[in-house]
Amino acid sequence: MLPKMIARWAVAAIAVPLAIAGAKKVSERIEARRGATRTTRLLRKGVATAERLTGRKRRRLAW
């Protein structure tokens with residue numbers, strides 16, 4: 001029981017934030033190359049939703 005709890009915590013504490021950051025980077029790179037597309041909008045919307053669900057604060061752009 002304890003190893004399963006540790007595994008769940010590791011996924012929640014490490015894998016989910018990494019996946020959020022990865023999706024954000026991918027959407028930024030695609031958008032930089034090809035402009036805004038349906039894919040980048042979907043990725044950004046998914047990132048925003050995941051950040052709200054995990055309780056992470058969204059970073060605002062400095063401009």
Side-chain angles (χ1 to χ4, degrees):
M1 182 160 140
L2 188 59
K4 282 188 179 183
M5 289 176 58
I6 293 171
R8 282 188 202 144
W9 177 84
V11 167
I14 298 168
V16 172
L18 282 177
I20 291 170
K24 191 181 298 188
K25 284 287 186 188
V26 166
S27 70
E28 288 173 358
R29 296 239 173 145
I30 292 172
E31 203 167 275
R33 275 192 191 171
R34 300 182 183 154
T37 62
R38 183 181 292 181
T39 305
T40 58
R41 286 192 300 269
L42 182 65
L43 280 170
R44 287 186 184 270
K45 188 178 269 192
V47 166
T49 302
E51 285 177 339
R52 277 195 306 270
L53 290 175
T54 59
R56 293 181 50 151
K57 293 189 177 187
R58 293 179 61 186
R59 293 184 192 170
R60 295 195 182 253
L61 297 175
W63 38 295

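One is the number of the first residue; the rest follow in order along the sequence.
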| query | Would a distance-only check, ignoring hydrogens and angles, find a side-chain to backbone donor-acceptor pair under 3.5 Å from Thr54 to Ala50? | reply | yes
| query | Of the non-hydrogen atoms in Pro17 and Ala12, which two are nearest, and what is the gap between them? | reply | CD-O, 3.6 Å
| said: Could you report the tightest heavy-atom contact between Leu43 and Val26, atom names first, then the distance? | reply: CD1-CG1, 3.9 Å
| Separation of Arg29 CZ from Thr40 OG1 (nearest 0.5 Å) | 15.0 Å
| message | According to a hydrophobic-cluster definition based on side-chain heavy atoms being under 4.5 Å apart (Ile, Leu, Val, Met, Phe, Trp, Tyr only), do Val47 and Val16 belong together? | response | yes
| request: Would you mind reporting whether Lys25 and Glu28 have side-chain heavy atoms less than 4.5 Å apart? | output: yes
